[in-house]
Amino acid sequence: MVLSDRTIKEQIAAGRIVIDPMDEDDIQPASVDLHLGRSLLAFRNSRRPYIDLRENVSDLTEETQLHDDEPYMLHPGEFILGNTLETIHLPDDLVARLEGKSSLGRVGLVIHSTAGYVDPGWQGSLTLELTNVSNLPITLYSGMKIGQISFQHMTTPVDRPYGSKDLGSRYMGSTGPTASRMHIDFDDRRAR
């Protein structure tokens with residue numbers, strides 16, 4: 001079941017859900033608004049002829065810092081990584097969903113391709129997969145409302161929360177946008 005605003009406030013007060021920083025005005029009827037952090041990873045397509053998922057591709061991105069009231073122009077068709085200003089901590093019996101803001105979707109800004117799911121036990125900021133599907137550039141500002149997170153109770157607490165040693169969780173504790181670590185799957189197979 002999806003948590004209501006009342007239950008979200010209770011879970012935050014009890015320390016079971018941590019959102020830092022947290023402004024109570026960001027609590028919506030069944031979600032909490034999240035904001036864009038300062039760091040962006042922009043893809044530089046001149047560095048490689050293609051993306052080989054078996055290889056570490058962190059060299060394909062270049063970090064850019066957003067400054068107060070200075071926009072980043074996200075051009076049509078452009079894809080970058082960002083992160084939430086907020087750090088999120090979830091207990092082992094809640095799962096969360098990250099979704100875009102309707103107002104941003106109406107101008108063509110998509111905030112995630114597939115990474116909208118937040119596992120029980122997660123701790124860190126959330127990486128955003130930002131794409132402009134409109135025909136005009138869209139301005140992005142540090143601190144702007146970028147998405148919303150909703151929470152659901154699990155049937156039971158999970159046996160292995162995200163970050164458990166045997167899971168090989170790749171992004172636990174992220175503090176900024178994080179490039180793909182898909183190559184680790186291939187590295188692990190080669191090591192066997």
Visitor: What is the distance from atom CD of Glu99 to atom CG of Leu34, rounded to the nearest 0.5 Å?
Guide: 11.5 Å
Visitor: Can you tell me how far the CD atom of Glu70 sits from the OG atom of Ser142, to the nearest 0.5 Å?
Guide: 11.0 Å
Visitor: Can you check side chain to side chain contact (heavy atoms under 4.5 Å, CB included) on Met73 and Thr139, steps first, answer last?
Guide: CA-CA 5 Å; Met73 294 290 187; Thr139 55; 3.5 Å; yes
Visitor: Counting distance only, does the side-chain N/O of Thr61 pair as donor-acceptor with the main-chain N or O of Asp59 below 3.5 Å?
Guide: no
Visitor: I need the His112 NE2 to Leu130 CG distance, nearest 0.5 Å.
Guide: 11.0 Å
Visitor: Would you kindly confirm whether Ile17 and Val158 end up in one hydrophobic cluster when ILVMFWY residues are joined by side chain heavy atoms under 4.5 Å apart?
Guide: no
Visitor: Apply side chain to side chain contact (heavy atoms under 4.5 Å, CB included) to Leu3 and His153, showing your working.
Guide: CA-CA 8 Å; Leu3 273 56; His153 275 290; 3.5 Å; yes
Visitor: Testing His89, Gln123, Gln11 one by one against Val18 for a side-chain contact (heavy atoms from CB on, under 4.5 Å), which residue passes?
Guide: His89
Visitor: With the threshold set at 4.0 Å, does a side-chain nitrogen-carboxylate oxygen contact exist between Asp68 and Arg38?
Guide: yes
Visitor: Under a 4.5 Å cut-off applied to non-hydrogen side-chain atoms, are Arg54 and His183 in contact?
Guide: no
Visitor: Between Leu36 and Leu140, which heavy-atom pair has the shortest distance, and what is it?
Guide: CD2-CB, 4.0 Å
Visitor: Would you mind reporting whether Ile149 and Thr84 have side-chain heavy atoms less than 4.5 Å apart?
Guide: no
Visitor: Restricting to non-hydrogen atoms, name the atom on Thr178 and the atom on Ser174 that form the minimum distance, rounded to 0.1 Å.
Guide: OG1-OG, 3.5 Å
Visitor: Do you reckon Leu85 sits in the same ILVMFWY cluster as Ile111, going by side-chain contacts under 4.5 Å, direct or chained?
Guide: no
Visitor: Checking Ser164 against Asp166: is there a side-chain donor and acceptor pair closer than 3.5 Å?
Guide: no
Visitor: Can you give me the closest heavy-atom contact between Gln148 and Ser31, atom names plus distance?
Guide: OE1-OG, 3.5 Å
Visitor: Testing the 3.5 Å rule here: is there a donor-acceptor pair between the side chains of Thr131 and Glu78?
Guide: no
Visitor: Are any non-hydrogen side-chain atoms of Leu104 and Ile138 less than 4.5 angstrom apart?
Guide: no
Visitor: Using side-chain heavy atoms (C-beta onward) and a distance below 4.5 Å, is Tyr117 in contact with Val95?
Guide: yes
Visitor: Are Phe151 and Thr7 side-chain neighbours, meaning at least one heavy-atom pair lies under 4.5 Å?
Guide: no
Visitor: Can you name the nearest heavy-atom pair linking Met154 to Pro120, along with the distance?
Guide: SD-CG, 3.6 Å
Visitor: Using the side chain to side chain contact (heavy atoms under 4.5 Å, CB included) rule, take Val32 and Met22 through it: C-alpha gap first, then chi angles, then the decisive distance, then the call.
Guide: CA-CA 9 Å; Val32 178; Met22 176 66 205; 4.1 Å; yes
Visitor: Where do Gly176 and Ser125 come nearest, in terms of heavy atoms and distance?
Guide: N-OG, 3.6 Å
Visitor: Decide yes or no for Asn132 and Pro76: does some side-chain heavy atom of the first lie under 4.5 Å from some side-chain heavy atom of the second?
Guide: yes
Visitor: Linking I/L/V/M/F/W/Y whenever their side-chain heavy atoms sit closer than 4.5 Å, directly or via other members, would Met172 and Met182 fall into one cluster?
Guide: no
Visitor: Using a 3.5 Å distance criterion without hydrogens, assess whether the side chain of Tyr171 forms a donor-acceptor pair with backbone atoms of Gly124.
Guide: no
Visitor: Other than Val133, what residues sit in its cluster of Ile, Leu, Val, Met, Phe, Trp and Tyr side chains whose heavy atoms are under 4.5 Å apart, directly or through others?
Guide: Val110
Visitor: Can you find a pair of side-chain heavy atoms, one from Leu41 and one from Thr127, that are under 4.5 Å apart?
Guide: no
Visitor: Is there a side-chain contact between Leu81 and Glu129 (heavy atoms, below 4.5 Å)?
Guide: yes
Visitor: Roughly how far, to the nearest 0.5 Å, is CD1 of Ile80 from CZ of Phe43?
Guide: 9.5 Å
Visitor: Evaluate side chain to side chain contact (heavy atoms under 4.5 Å, CB included) for Asp33 paired with Asp23, printing each intermediate quantity in order.
Guide: CA-CA 9 Å; Asp33 286 339; Asp23 184 336; over 6 Å; no
Visitor: How far does NZ of Lys165 sit from CZ of Arg160, to the nearest 0.5 angstrom?
Guide: 14.0 Å
Visitor: Under a 4.5 Å side-chain heavy-atom rule over Ile, Leu, Val, Met, Phe, Trp and Tyr, are Leu109 and Leu136 clustered together?
Guide: no
Visitor: I need the Tyr162 OH to Asp92 CG distance, nearest 0.5 Å.
Guide: 16.0 Å
Visitor: Closest heavy-atom contact between Pro177 and Asn83?
Guide: CD-OD1, 3.2 Å
Visitor: Any chain of hydrophobic side-chain contacts (each under 4.5 Å) joining Leu128 to Val57?
Guide: no
Visitor: Can you list everything that forms a salt bridge (charged side-chain N to carboxylate O under 4.0 Å, His left out) with Glu62? Sequence neighbours excluded, please.
Guide: Arg44, Arg47
